[in-house]
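In what follows, every heavy atom counts, from backbone to side chain, and hydrogens, waters and symmetry copies are set aside.
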Amino acid sequence: MITREEMLNELREGVRTVTFTKKNGDERIMECTLNMDIIPTEAHPKSDGNTLWDGVDVTIQAIKCYDVKAEGWRSFLLDTVSAYRK
C-alpha cells in the first residue's frame, strides 16, 4: 500500500488516476493533481489560517487534491485507494 507521503509526492509531480471507494460504497476513478502548474490560478488554495482541518485530514489520512475533469477540489481517504497510475 502506498503511504500518504508517497501519494502526495505522486500528485505533486503531475496528474494521476486514482481509483478509490467512496463512503457510499461506489467506486470512483478520478484524475487529480497537486501540481500548481496544472491547477488553474483561480483554483489555487487560499489559506484561512485554520490548521485544525489540516490536522484532521492527516489523522484520518484524507488527501485533498484537484480533480482536473470536474475542475474542483475533492478528497479521498488513503485507505480506500485500490489503484493509482500516472
Side-chain angles (χ1 to χ4, degrees):
M1 182 172 164
I2 189 168
T3 68
R4 177 182 173 78
E5 197 55 44
E6 289 169 334
M7 178 63 78
L8 291 172
N9 288 336
E10 285 289 331
L11 292 169
R12 287 178 188 123
E13 286 183 19
V15 176
R16 302 295 185 255
T17 303
V18 178
T19 304
F20 63 96
T21 304
K22 293 172 33 172
K23 286 186 178 187
N24 68 3
D26 291 346
E27 182 179 78
R28 171 99 152 61
I29 300 171
M30 178 170 59
E31 291 184 29
C32 51
T33 189
L34 286 173
N35 185 314
M36 293 302 156
D37 293 334
I38 297 170
I39 299 169
T41 304
E42 61 273 9
H44 283 191
K46 296 165 186 64
S47 175
D48 63 0
N50 186 346
T51 58
L52 173 62
W53 292 114
D54 291 334
V56 169
D57 286 342
V58 169
T59 301
I60 64 172
Q61 296 294 294
I63 304 281
K64 293 179 194 173
C65 56
Y66 187 80
D67 183 329
V68 296
K69 288 198 173 189
E71 298 180 344
W73 289 90
R74 305 290 186 268
S75 64
F76 59 89
L77 297 176
L78 186 59
D79 64 355
T80 67
V81 173
S82 57
Y84 81 94
R85 67 181 192 278
K86 295 180 181 184

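Take E6 and apply the salt bridge (Lys or Arg N to Asp or Glu O under 4.0 Å) test, not counting sequence neighbours, and it matches no residue. For D79, there are no salt bridge (Lys or Arg N to Asp or Glu O under 4.0 Å) partners, not counting sequence neighbours.
Rounded to the nearest 0.5 Å, atoms CZ (R74) and NZ (K69) are 13.5 Å apart. Atoms CG and OG1, on L8 and T3 in that order, are 8.5 Å from each other to the nearest 0.5 Å. With rounding to the nearest 0.5 angstrom, the CG atom of L77 is 9.5 Å from the CD1 atom of I63. Atoms OG1 and CD, on T80 and Q61 in that order, are 11.0 Å from each other to the nearest 0.5 Å. To the nearest 0.5 Å, atom CD of residue E31 and atom CG of residue D67 are 8.0 Å apart. The distance from the NZ atom of K23 to the OG1 atom of T21 is 13.0 Å, given to the nearest 0.5 Å.
In this structure a side-chain-to-backbone donor-acceptor pair under 3.5 Å is missing from W73 to P45.
Residues R28 and F76 have side chains not in contact (no heavy-atom distance under 4.5 Å, counting atoms from C-beta outward). Contact of the I2 side chain with the Y84 side chain is registered, since non-hydrogen atoms from C-beta on lie closer than 4.5 Å.
For the residue pair S75 and K64, the shortest heavy atom distance occurs at CB-CA, 4.1 Å. For the pair D37 and N35, the tightest heavy-atom approach, listed with the atom from each and the gap, is N-OD1, 2.8 Å.
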Donor-acceptor pairs are to be reported for all side-chain atoms of residues 10-19 against protein atoms at under 3.5 Å, with residues two or more places apart or in another chain.
residue: E10; atom: OE1; partner: R16; partner atom: NE; Å: 2.7
residue: E10; atom: OE1; partner: R16; partner atom: NH2; Å: 3.3
residue: R12; atom: NH1; partner: E5; partner atom: OE2; Å: 3.3
residue: R12; atom: NH1; partner: N9; partner atom: OD1; Å: 3.0
residue: E13; atom: OE1; partner: R16; partner atom: NH2; Å: 3.1
residue: R16; atom: NE; partner: E10; partner atom: O; Å: 3.3

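Criterion: ILVMFWY side-chain heavy atoms under 4.5 Å apart, direct or through other members. Under it, I29 and F20 are not part of a common hydrophobic cluster.
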Before you tell me yes or no, could you show the steps for E27 and K22 under side-chain contact (heavy atoms from CB on, under 4.5 Å), namely the whole-Å CA-CA distance, both residues' side-chain angles and the distance that decides it to 0.1 Å? CA-CA 6 Å; E27 182 179 78; K22 293 172 33 172; over 6 Å; no
